[in-house]
Structure formats: C-alpha cells, structure tokens
Amino acid sequence: MLLFVTIVQTVSAIALLSLIGQWLLGLLAGAGRDSNLFYQLLGILTKPFVRLTRLITPRVVIDRHIPLATFLLLVAAYVASTLTRIAICIEIGVHLCR
C-alpha cells in the first residue's frame, strides 16, 4: 500500500510541476509559446491529466478553465496521498518508511 501511495504522490508531483512550468513558460514566451519546443514537451507531459479532467468535468466548464481544474485536482491528489503516506508511516513505524 505504501508503494502505491508513493507512486501516486510522485506522479502527481511531476504533473503539478509540469503544469506550473508550462504556465510560467507560456507567460515568458508570450504569443510564440506554441512553437516553443519546451512548451510542447511540457504539454505532452500534462496532456493525459488535462484529458482526464475534461472527461470528468461537466460540459458547463469551458475549455479555458480545464488546466486550472487539472491543477486543483492534482493538488488534491498530492495532499491526499501525502496525508495517507503519513498515516501509513505512523501505523507501521517511521523506521520502515525510509
């Protein structure tokens, strides 16, 4: 169980950092962001999470807000996995969680 929680935490952290990086690079690159190689690479990393968010959100949510909803869902997953990991480590002993 601890391995699964750790995997969820790591995947959500990578996706969160990719979303933040894409957003910052989009701010810096401006209108030419779609032709930026690193922006496209970050887009490839975040695409599965954005698509999943689009599938689970109602159609009322406009496409412009889907990245923000993705970010919020990933933050919730990261916090939940962190709290679960803490609970598991307290239950089995901290020395086994290293």
Side-chain angles (χ1 to χ4, degrees):
M1 188 66 175
L2 181 62
L3 179 63
F4 175 73
V5 172
T6 303
I7 290 171
V8 169
Q9 186 181 24
T10 304
V11 168
S12 61
I14 291 170
L16 275 170
L17 290 173
S18 297
L19 273 173
I20 292 169
Q22 188 178 21
W23 177 70
L24 287 173
L25 190 56
L27 286 177
L28 293 173
R33 66 179 172 236
D34 292 327
S35 63
N36 188 315
L37 176 67
F38 295 106
Y39 186 83
Q40 292 174 359
L41 178 66
L42 291 172
I44 290 170
L45 287 172
T46 60
K47 187 182 251 184
F49 302 101
V50 173
R51 282 188 178 172
L52 180 65
T53 304
R54 178 75 266 177
L55 285 174
I56 63 174
T57 54
R59 291 288 167 202
V60 177
V61 179
I62 59 177
D63 288 337
R64 238 176 67 184
H65 295 152
I66 294 299
L68 176 62
T70 304
F71 178 78
L72 294 174
L73 285 173
L74 285 170
V75 166
Y78 184 79
V79 168
S81 62
T82 301
L83 294 175
T84 305
R85 186 173 177 178
I86 290 170
I88 290 172
C89 287
I90 289 172
E91 182 180 322
I92 66 173
V94 177
H95 63 282
L96 295 175
C97 286
R98 293 183 189 251

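Going from atom CG of Leu3 over to atom CZ of Arg85 covers 10.0 Å, rounded to the nearest 0.5 Å. The structure places CZ of Arg33 at 8.5 Å from CG of Leu27, a figure rounded to the nearest 0.5 Å. To the nearest 0.5 Å, atoms CD1 (Ile62) and OG1 (Thr57) are separated by 11.5 Å. Summarising the geometry, atom CD1 belonging to Ile88 is positioned 12.5 Å from atom CG belonging to Leu96; distances are rounded to the nearest 0.5 Å.
By the 6.0 Å contact criterion, CD on Gln40 is enclosed, its count of non-hydrogen atoms from other residues, nucleotides or ligands being greater than 12.
Side-chain contact between Leu45 and Leu42 is present, with at least one heavy-atom pair separated by less than 4.5 Å. Between Gln9 and Thr82 there is a side-chain heavy-atom pair separated by less than 4.5 Å. With contacts defined as side-chain heavy-atom distances shorter than 4.5 Å, the pair Thr46/Thr70 does not qualify. Contact annotation: the side chain of Val61 never approaches that of Thr53 to less than 4.5 Å [non-hydrogen atoms, C-beta and beyond].
Note on Phe71 and Trp23: same hydrophobic cluster, where clusters join Ile, Leu, Val, Met, Phe, Trp and Tyr whose side-chain heavy atoms are under 4.5 Å apart, directly or indirectly. Leu52 and Val75 end up in different hydrophobic clusters when Ile, Leu, Val, Met, Phe, Trp and Tyr side chains are linked at under 4.5 Å. At a threshold of 4.5 Å between side-chain heavy atoms, the hydrophobic network of Ile, Leu, Val, Met, Phe, Trp and Tyr places Leu83 and Val11 in one connected group. If you chain together hydrophobic residues whose side chains sit under 4.5 Å apart, Tyr78 and Leu72 fall into the same group. Residues Leu73 and Ile14 do not share a hydrophobic cluster, clusters being chains of Ile/Leu/Val/Met/Phe/Trp/Tyr side chains in contact below 4.5 Å.
Annotation for Tyr39 and Asp34: closest pair CE2-OD1, 3.9 Å, computed over non-hydrogen atoms. For Cys97 against Ile92, the heavy-atom pair with the smallest separation is SG-CD1, 4.0 Å. The minimum heavy-atom distance between Phe49 and Ala15, with the atom names listed, is CE1-CB, 3.5 Å.
For the salt bridge (Lys or Arg N to Asp or Glu O under 4.0 Å) condition, the pairs that include at least one residue of residues 57-73, sequence neighbours left out, are Arg54-Asp63.
Just one of Leu2, Val8, Val5 meets the side chain to side chain contact (heavy atoms under 4.5 Å, CB included) condition when paired with Thr84; it is Val5.
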